[in-house]
Amino acid sequence: MKNDVKIRNEMLSWYDAHARVLPWRSKPSERPDPYYVWLSEVMLQQTTVQAVVPYFEKFISIWPTVHDLASATQDDVLREWAGLGYYSRARNLYKCAQAIVSEHDGIFPNSVKTLKSLSGIGDYTSAAIASIAFDIPSVVIDGNVERVISRLHRIDAPLPDSKTIIREYAQNLFIGDNTDRPSCFAQSLMDLGATICTPKSPKCEICPISKYCVAFEHCDAQVYPKKRKKSKIPEKYGVAYIYVHDGKVGIEKRPEKGMLAGMVGFPTSEWNEDSVDNIDDDMSAYKIRHVFTHFALTLYPQIINQKTYNMIEFKEVDKIGLPTLFKKVWNMIESDL
DNA sequence: AATCCGTGGAA
DNA sequence: TTTCCAAGGAT
């Protein structure tokens, strides 16, 4: 356990010299904006800094404060979120903004417990906000921390079995004998995980804490954390109905539950594992394949020259916030209409 | 506890 | 081409 204090000190020194400059981060002398911290943390769930930066910039440009975001409509937020994926995050973001304004006087709560009661804020995000925005020592466990700790201790059990032991190690590291500069320390682990202790080719030669890393000692850091093998995802098929008339195309708002919930898109058939009737691969003019987390979809756009409800101008299509699946459809067929 | 929920980039 | 996966949360 004594190593935890040394690790913290090494990490803080390393962070002072190598911290990444990111749009949501404050300068060393300034207080972070809890709104920025929250927004960035939610956006970063299950994705990458590169994917998030333009979305973050756009959001704070349109909605500079949580009050502004709460005053928007859910459809506004979904439209701006389009392309980032996991759209329940956007709905929860909006719910959370409204709760903060209506139930917390527009002030972000500073306790893990209260933060966690808000929509879209779970174990990780509540601890991250408490640490990063308010400098409250918290146990911040994300994919980066899981990877770093798995390697430091060369944990043999695969994820998610190892989550319990990882949390024990993390407790000691985050709120053990030394809790100095919790905000910087939490962010230092994120940066280490993103730039040095990476999943595939960790740069152990330049790692500030390799001397404490059991996996480094055994020269096999890259095999940790071990993970259970994932089963293959099913292939599904469907038809997209592209109603075209007089320079306009038909769109619909999807149901509030299920895939791409609440997003706009082209009407489609159901998606199932049976290949599509009447549309042979060879006979169809178009085919879009899109891989989701739990299945891969092959969608056959079928152009229908007739009017339907809710037609919009072709040139408006790019502005309505189509999720990527339907952007792919539109990009493929637009020039042929 | 296990499943659902997106996307784009790297190797 | 295929596989893996990047700052998880809700149910």
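A note on names: the letters A, B, ... follow the listed sequences, proteins ahead of strands, and every chain is numbered from 1.
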**Study point:** A/Arg8 bridged to A/Asp180 by N-O distance under 4.0 Å
**Key:**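 No salt bridge links A/Arg8 with A/Asp180.
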Check your understanding: Under 4.0 Å between a Lys/Arg side-chain N and an Asp/Glu carboxylate O for A/Glu316 and A/Lys248?
Key ->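 Salt bridge flag = no for A/Lys248 with A/Glu316.
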Check your understanding: Has the side chain of A/Ser61 got a donor or acceptor atom that lies under 3.5 Å from a matching backbone atom of A/Glu57?
Key ->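 Side chain of A/Ser61 to backbone of A/Glu57, a donor-acceptor pair under 3.5 Å: no, none is there.
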In whole angstrom, what separates [X]'s [atom1] from [N]'s [atom2]?
{"X": "A/Lys229", "N": "C/dC4", "atom1": "NZ", "atom2": "P", "value": "8 Å"}
{"X": "A/Ile288", "N": "B/dT7", "atom1": "CD1", "atom2": "P", "value": "14 Å"}
{"X": "A/Trp38", "N": "C/dG8", "atom1": "CH2", "atom2": "C1'", "value": "16 Å"}
{"X": "A/Ile121", "N": "C/dG9", "atom1": "CD1", "atom2": "C1'", "value": "11 Å"}
{"X": "A/Leu159", "N": "C/dA6", "atom1": "CG", "atom2": "P", "value": "11 Å"}
{"X": "A/Met259", "N": "C/dA10", "atom1": "CE", "atom2": "P", "value": "18 Å"}
{"X": "A/Tyr86", "N": "C/dA10", "atom1": "OH", "atom2": "C1'", "value": "12 Å"}
{"X": "A/Met43", "N": "C/dA6", "atom1": "CE", "atom2": "C1'", "value": "16 Å"}

Short side-chain N/O contact from [X] to OP1 or OP2 of [N], under 4.0 Å:
{"X": "A/Arg147", "N": "C/dA6", "result": "yes"}
{"X": "A/Thr125", "N": "C/dG9", "result": "yes"}
{"X": "A/Gln46", "N": "C/dG8", "result": "yes"}
{"X": "A/Tyr87", "N": "B/dT7", "result": "yes"}
{"X": "A/His294", "N": "B/dC4", "result": "yes"}
{"X": "A/His290", "N": "B/dG6", "result": "no"}

What nucleic acid atoms does [X] come within less than 4.0 Å of, heavy atoms only: base, sugar-phosphate, or nothing?
{"X": "A/Val145", "answer": "nothing"}
{"X": "A/Val49", "answer": "base"}
{"X": "A/Arg20", "answer": "base"}
{"X": "A/Trp24", "answer": "base"}
{"X": "A/Ser119", "answer": "sugar-phosphate"}
{"X": "A/Leu84", "answer": "base"}
{"X": "A/Leu22", "answer": "base"}

Between [options], which one does the side chain of [X] approach most closely?
{"X": "A/Pro199", "options": "B/dG9, C/dA6, B/dC5", "value": "C/dA6"}
{"X": "A/Asn92", "options": "C/dG8, C/dA10, B/dA10", "value": "C/dA10"}
{"X": "A/Leu325", "options": "B/dA11, B/dT7, C/dG9", "value": "B/dT7"}

Exercise for review: On DNA chain B, check which nucleotide each of A/Pro323 and A/Arg228 is closest to and give me the residue with the more 5' one.
Suggested key: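 Comparing both residues, the 5'-ward one is A/Arg228.
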Exercise for review: Could you check A/Lys328 against A/Lys257 and say which one's nearest nucleotide on DNA chain B is further toward the 5' end?
Suggested key: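 Upstream on the strand: A/Lys257.
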Review point. Do the non-hydrogen side-chain atoms of A/Trp63 and A/Ile60 ever get within less than 4.5 Å of each other?
Key: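 No, too far: nothing below the 4.5 Å cut-off.
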Point to revise | Nearest heavy atoms of A/Lys163 and A/Glu146, plus distance in Å | key: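 Where A/Lys163 meets A/Glu146 most closely, the heavy atoms are NZ-OE2, 2.6 Å.
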Exercise for review: Could you give me the CA-CA distance, side-chain angles and deciding distance for A/Lys236 and A/Asp274, then say whether salt bridge (charged side-chain N to carboxylate O under 4.0 Å, His left out) is met?
Suggested key: CA-CA 7 Å; A/Lys236 295 191 179 185; A/Asp274 303 321; over 6 Å; no
Check your understanding: After noting the C-alpha distance and the side-chain angles of A/Thr65 and A/Asp68, does the key distance pass the side-chain hydrogen bond (donor to acceptor under 3.5 Å, both in side chains) rule?
Key -> CA-CA 5 Å; A/Thr65 70; A/Asp68 300 314; 2.9 Å; yes
Check your understanding: C/dA10 and B/dA1: how far apart are their C1' atoms, nearest whole angstrom?
Key ->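 Their C1' atoms lie roughly 14 Å apart.
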Practice item. Please measure how far the P atom in B/dG6 lies from the corresponding atom in C/dT11, and state the result in whole Å. Key: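 To the nearest whole Å, 14 Å.
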Check your understanding: Going by modelled atom types, is there a donor-acceptor pair between the base of B/dG6 and the side chain of A/Thr324 at under 3.5 Å?
Key ->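 No such pair is found, so the answer is no.
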